[in-house]
2 protein chains.
Amino acid sequence: MNATVATNAISTRQRILTAATELFHEKGYTAAGMAEILERAQANSGSFYYFFRNKEDVLAAVLDRYEKMLYPELLDPIWKATKDPIERIFRLLAKYRELLCLTNFSYGCPIGRIALEVDASMTKIHRQLAANFEGWKAAVKQCLREAQKERRLPASVDCQQLACLVLSVMEGGVMQARSYGNARPFDESVKGLQQCFATLMGTVPNRLGRRGRSRRRRTWKGITGQLQS
Amino acid sequence: MNATVATNAISTRQRILTAATELFHEKGYTAAGMAEILERAQANSGSFYYFFRNKEDVLAAVLDRYEKMLYPELLDPIWKATKDPIERIFRLLAKYRELLCLTNFSYGCPIGRIALEVDASMTKIHRQLAANFEGWKAAVKQCLREAQKERRLPASVDCQQLACLVLSVMEGGVMQARSYGNARPFDESVKGLQQCFATLMGTVPNRLGRRGRSRRRRTWKGITGQLQS
DNA sequence: GTCTATATACGGATAGAC
DNA sequence: GTCTATCCGTATATAGAC
């Protein structure tokens with residue numbers, strides 16, 4: 001009906017949302033000031049409080065958006081690049097490495113940063129953070145299950161636990177890289193994971209029931225080229 | 001010479017340092033206010049700025065203390081509990097789980113929290129954070145090397161990378177547990193790591209050069225009892 | 001070394017005209 | 001829906017007597 005009005009409304013709200021997303025990522029939730037957000041969004045205080053109840057409310061909107069954009073913005077492009085489930089996982093990790101490098105090792109995972117910063121009393125926020133982690137791990141878990149179906153991983157491994165491990169590797173790697181000011185600890189973390197995966201993939205019992213490394217049908221070391229030293 | 005004066009001086013400084021340590025851990029660096037620190041330390045603003053240049057300066061002192069206390073306060077008690085290098089690693093992880101539970105899953109690793117919070121421009125702080133990570137990993141690496149010497153881990157594994165992986169597992173596990181409000185993701189992360197270790201330990205070539213699980217001389221599943229479901 | 005009082009800037013949020 | 005002006009609390013840091 002009143003499409004024009006609605007469009008304009010979305011636009012300002014969107015600018016604020018984008019500015020908040022960026023600044024929460026770059027400076028953290030507390031350090032990102034309202035004035036800064038408004039300036040970057042080219043909006044005024046009045047507009048902000050027309051669309052959002054308060055600062056926490058916009059953080060909730062930011063986290064909501066991250067959850068919705070997991071596939072469209074993060075995973076789909078990577079999934080499109082390769083169908084190999086194991087390679088997908090390591091390409092996903094490489095994506096974070098890329099972001100890390102592009103930002104001088106300052107900004108890694110926006111979810112992780114917020115997760116360690118905001119007070120435990122903000123229960124809604126923490127529920128949303130958990131939902132984001134959950135979606136990410138579900139995608140990795142699906143890759144692992146597929147690898148299992150292809151008999152590249154032993155049927156005995158717990159994919160849920162392994163997916164959780166992968167997320168921890170990413171978050172822990174990003175965290176360390178930030179303090180070191182370089183990608184080395186991120187790379188070492190990922191390579192540590194690769195060692196584990198390589199071993200797990202070498203222990204798939206083949207049809208005859210013997211253990212061996214023979215069923216490593218495809219390699220995924222291609223991605224390793226993106227990891228230094 | 002003037003021992004009394006020095007003793008008093010250290011005492012107030014110490015109270016401030018302790019209060020700052022606690023509050024940075026509980027609320028983060030930015031959210032922990034000077035007034036709060038001073039109240040908990042039972043000290044006044046004047047005393048604070050007599051001992052420290054500013055807030056950042058006391059954070060530096062806190063991180064310095066963490067680095068010095070790694071063995072005396074964290075590792076020595078754990079190392080004393082067992083000599084098994086692999087078990088030591090998992091007991092170290094269990095220690096963080098314990099802290100997590102005791103604080104309702106709010107406070108995990110104080111170093112990690114600060115690492116993701118403080119601005120990249122605080123280079124001295126980041127150097128100290130890296131030094132803390134470095135010390136922690138060196139200790140884990142030493143355990144891994146020992147396990148390697150005992151031929152429980154293949155000589156081919158890279159202990160540096162594996163130690164880095166262990167730190168990431170801890171930090172990533174703590175981070176997730178905080179948002180979930182329970183220990184499950186921490187446990188899953190650790191169990192994911194255990195799956196990897198179990199496999200690695202099952203692939204040590206024995207003296208005859210054959211691969212097998214036979215050389216798993218000691219079990220370390222004792223610690224698993226502390227991990228739920 | 002410790003105390004109180006205070007400077008000064010900035011935080012998030014609101015009021016009310018348009 | 002957007003604008004400007006502003007409230008009021010809190011932030012870190014300082015001054016200067018004791």
Side-chain angles (χ1 to χ4, degrees), chain A residues 1-24 26-63 114 117-119 121-122 124-125, chain B residues 1-24 26-63 114 117-119 121-122 124-125:
Chain A
M1 310 147 191
N2 45 6
T4 311
V5 173
T7 303
N8 286 345
I10 288 167
S11 173
T12 297
R13 206 195 108 102
Q14 198 64 32
R15 284 201 320 275
I16 294 170
L17 195 62
T18 305
T21 303
E22 292 172 6
L23 284 162
F24 291 161
E26 295 168 20
K27 315 188 60 171
Y29 174 69
T30 312
M34 287 297 302
E36 221 169 350
I37 295 173
L38 296 176
E39 190 196 44
R40 189 174 295 200
Q42 296 271 65
N44 301 299
S45 174
S47 297
F48 184 97
Y49 288 98
Y50 175 78
F51 294 111
F52 304 99
R53 278 190 301 277
N54 48 36
K55 198 186 176 188
E56 185 176 338
D57 193 39
V58 78
L59 174 58
V62 166
L63 294 176
I114 302 299
E117 180 189 353
V118 302
D119 195 84
S121 62
M122 294 163 79
K124 181 190 174 182
I125 298 297
Chain B
M1 311 147 188
N2 46 4
T4 311
V5 174
T7 303
N8 287 344
I10 288 167
S11 173
T12 297
R13 206 195 108 102
Q14 198 65 32
R15 285 201 318 276
I16 293 170
L17 194 63
T18 305
T21 303
E22 292 173 4
L23 283 162
F24 291 161
E26 295 169 20
K27 316 189 59 172
Y29 174 69
T30 311
M34 287 297 302
E36 221 168 348
I37 296 172
L38 296 175
E39 192 197 43
R40 190 174 298 200
Q42 295 272 66
N44 302 300
S45 174
S47 297
F48 183 96
Y49 288 98
Y50 175 78
F51 293 110
F52 303 99
R53 279 190 300 277
N54 50 33
K55 198 185 176 187
E56 186 176 336
D57 193 40
V58 78
L59 174 59
V62 166
L63 294 176
I114 302 299
E117 181 189 352
V118 302
D119 195 83
S121 63
M122 294 163 78
K124 182 189 173 181
I125 299 298

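Everything numeric in this text was worked out from a predicted model, so none of it was measured. Residue numbering restarts at 1 for every chain, and letters A, B, ... go by the order of the sequence lines.
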Peer 1: Between atom CD in A:E39 and atom P in D:dC3, what is the gap in whole Å?
Peer 2: 15 Å
Peer 1: Give the rounded distance in Å between these two atoms: CG of B:N44 and P of D:dA13.
Peer 2: 17 Å
Peer 1: A:D119: what forms a salt bridge (Lys or Arg N to Asp or Glu O under 4.0 Å) with it, not counting sequence neighbours?
Peer 2: none
Peer 1: Without decimals, in angstroms, what is the distance between A:R13 CZ and D:dT2 P?
Peer 2: 12 Å
Peer 1: Separation of B:Y50 atom OH from D:dA17 atom C1', in whole Å?
Peer 2: 17 Å
Peer 1: For B:K27, which residues count as a side chain to side chain donor-acceptor pair (under 3.5 Å) partner, sequence neighbours excluded?
Peer 2: B:E36
Peer 1: So if I take every side-chain heavy atom of B:F51 and compare against C:dT2, D:dC3, D:dT2, which nucleotide ends up nearest?
Peer 2: C:dT2
Peer 1: Write down the distance between CZ (B:F52) and C1' (D:dT12), rounded to a whole number of angstrom.
Peer 2: 16 Å
Peer 1: Just the atom pairs and distances: protein N or O near nucleotides 10-16 of chain C's N or O, under 3.5 Å.
Peer 2:
from, atom 1, to, atom 2, distance (Å)
C:dG12, OP1, A:K55, NZ, 2.8
C:dG12, OP2, A:M34, N, 2.5
C:dA13, OP2, A:Y49, OH, 3.0
C:dA13, OP2, A:K55, N, 3.0
C:dA13, O5', A:Y49, OH, 3.4
C:dT14, O4, A:S45, OG, 2.5

Peer 1: Going by the rule side-chain contact (heavy atoms from CB on, under 4.5 Å), which residues pair with A:E26 if we only count those two or more places apart in sequence or in a different chain?
Peer 2: A:E22, A:L23, A:R40, A:Y107
Peer 1: Looking at B:T30, is its backbone amide N or carbonyl O close enough to the side chain of B:E117 to form a donor-acceptor pair, meaning the two atoms are under 3.5 Å apart?
Peer 2: yes
Peer 1: Quick one: side-chain contact (heavy atoms from CB on, under 4.5 Å) partners of A:A61, sequence neighbours excluded?
Peer 2: A:R13, A:L17, A:F52
Peer 1: In chain order, what residues pass the side-chain contact (heavy atoms from CB on, under 4.5 Å) check against B:N54, with sequence neighbours excluded?
Peer 2: B:E56, B:D57
Peer 1: Measure NZ/B:K27 against P/D:dA11 and give the value in whole Å, please.
Peer 2: 8 Å
